[in-house]
Amino acid sequence: MLMVVDIGNTNITMGFYKENKLIDKYRLTTKMPRTSDEYGVMIASYMNAFGYTMDDIEDVIIASVVPKINYSFSSSIIKYAHVTPTFVGPGIKTGISIKIEHPSSLGADRLVDAAGAYYTYGGPCIVVDFGTATTYDFISDKAEFLGGATTAGIGITASALSSMAAQLPEIEIVTPKKIIAKNTVSSMQAGLVYGYIGQCEYILKKIKEEAGVDNIKVISTGGLGKMIARHTKEIDVYDPELTLKGLKIIYDKNKKRSMR
């Protein structure tokens, strides 16, 4: 069994592949500090609940944008699964050529999403990841990562409204029935959700215009991506498992190379 792990700023998402099939996945919060033993026990408990053990894990690949927890998380894998995980980073084959200034500065999550999108849906394509930050990345038909845009995530925007304005409450991020709202909460939801849809559509149109090529497919992912994708024709595919697919694709590319 292959364990694929996406360590993001808000959540740690773990997927489990049996051959080429994703058989299960689950999430932990990232922000709570944990020891390697805590990670190990939590992963083992989850696997036991679904009829597996840590001994079923044959290999692990990790994409992380939170370096401060990499040591304790990887130590838990080594201690409890007896496997040394591979991190997506310099020296690993991804199948994506990075054509930006300072390639080493590109986040592992964006690189993994690019691989997942290109090798699953083809190119040229735009990947929109609705995470803590929202990223828009353009990948050419030659598997080249050519750059993109980054904005504050919809959750950050919602938090900023309530924390910076004394009379505005914390709200649930849902789509209201009308944009002409009759109360404060609905008004905030309308501005937040419909404003974000508008921002998303404009950025995607500008990227397509600047790219100057036809038939660009837009693939979105991330926790709140489904809500946004439902309300715009600019997004062609919503794939909640895109990052996990990208990790599996990158793992397979490096496994084949190591077998030569």
Would you compute the distance between atom [atom1] of [X] and atom [atom2] of [Y] and round it to the nearest 0.5 angstrom?
X: Asp137; Y: Ile126; atom1: CG; atom2: CD1; answer: 9.5 Å
X: Met14; Y: Arg27; atom1: CE; atom2: CZ; answer: 10.5 Å
X: Gln199; Y: Thr157; atom1: CD; atom2: OG1; answer: 7.0 Å
X: Met188; Y: Ile173; atom1: CE; atom2: CD1; answer: 10.0 Å
X: Ser186; Y: Ile179; atom1: OG; atom2: CD1; answer: 12.0 Å
X: Ile100; Y: Leu146; atom1: CD1; atom2: CG; answer: 10.0 Å

State, to 0.1 Å, how close [X] and [Y] come at their nearest heavy-atom pair, and which atoms those are.
X: Thr29; Y: Asn11; answer: CA-OD1, 3.9 Å
X: Ile78; Y: Thr84; answer: CG1-CA, 4.0 Å
X: Gly95; Y: Ala143; answer: O-CB, 3.5 Å
X: Tyr52; Y: Lys18; answer: CE2-NZ, 4.3 Å
X: Thr175; Y: Tyr194; answer: CG2-OH, 3.5 Å
X: Ala211; Y: Phe138; answer: CB-CZ, 3.7 Å

Any donor and acceptor pair, going by atom type alone, linking the side chain of [X] with main-chain N or O of [Y] inside 3.5 Å?
X: Ser74; Y: Tyr71; answer: yes
X: Tyr118; Y: Asp141; answer: yes
X: Asp56; Y: Thr53; answer: yes

**OP:** Walk me through it: do Ile61 and Lys248 pass the test side-chain contact (heavy atoms from CB on, under 4.5 Å)?
**Re:** CA-CA 8 Å; Ile61 185 168; Lys248 176 66 165 62; over 6 Å; no
A side-chain contact here means heavy atoms from C-beta on lying under 4.5 Å apart; do [X] and [Y] qualify?
X: Thr13; Y: Val5; answer: no
X: Thr134; Y: Cys200; answer: no
X: Ile228; Y: Tyr238; answer: no
X: Tyr17; Y: Lys245; answer: yes
X: Ile139; Y: Lys217; answer: no
X: Leu242; Y: Tyr121; answer: yes
X: Met47; Y: Met1; answer: yes
X: Thr35; Y: Ser72; answer: no

Do [X] and [Y] sit in one hydrophobic cluster, given that two such residues count as connected whenever their side-chain heavy atoms are within less than 4.5 Å of each other, even indirectly?
X: Leu224; Y: Ile12; value: no
X: Val128; Y: Val213; value: yes
X: Tyr39; Y: Ile57; value: yes
X: Ile7; Y: Val65; value: yes
X: Val185; Y: Tyr196; value: yes

Subject >> Enclosure of Asn183 CG (heavy-atom neighbours >12, cutoff 6.0 Å) >> reply: yes
Original post:
Near Lys208 NZ, under 6.0 Å, is it more than 12 heavy atoms from other residues, nucleotides or ligands?
Top reply: yes
Original post:
After noting the C-alpha distance and the side-chain angles of Asp236 and Ile219, does the key distance pass the side-chain contact (heavy atoms from CB on, under 4.5 Å) rule?
Top reply: CA-CA 6 Å; Asp236 298 301; Ile219 302 100; over 6 Å; no
Original post:
For Asp24 and Tyr46, does a side-chain donor sit closer than 3.5 Å to a side-chain acceptor?
Top reply: yes
Original post:
Side chains of Asp113 and Thr243: is there a donor and an acceptor less than 3.5 Å apart?
Top reply: yes
**OP:** For side-chain contact (heavy atoms from CB on, under 4.5 Å), just list the numbers for Phe73 and Ile43, CA-CA rounded to whole Å, side-chain angles, deciding distance to a tenth of an Å, and then say yes or no.
**Re:** CA-CA 10 Å; Phe73 190 90; Ile43 296 168; 4.1 Å; yes
**OP:** Using the side-chain contact (heavy atoms from CB on, under 4.5 Å) rule, take Ile92 and Lys253 through it: C-alpha gap first, then chi angles, then the decisive distance, then the call.
**Re:** CA-CA 9 Å; Ile92 193 169; Lys253 288 182 178 296; over 6 Å; no
Original post:
Is Asp37 paired with Lys79 through a side-chain N to carboxylate O contact shorter than 4.0 Å?
Top reply: yes
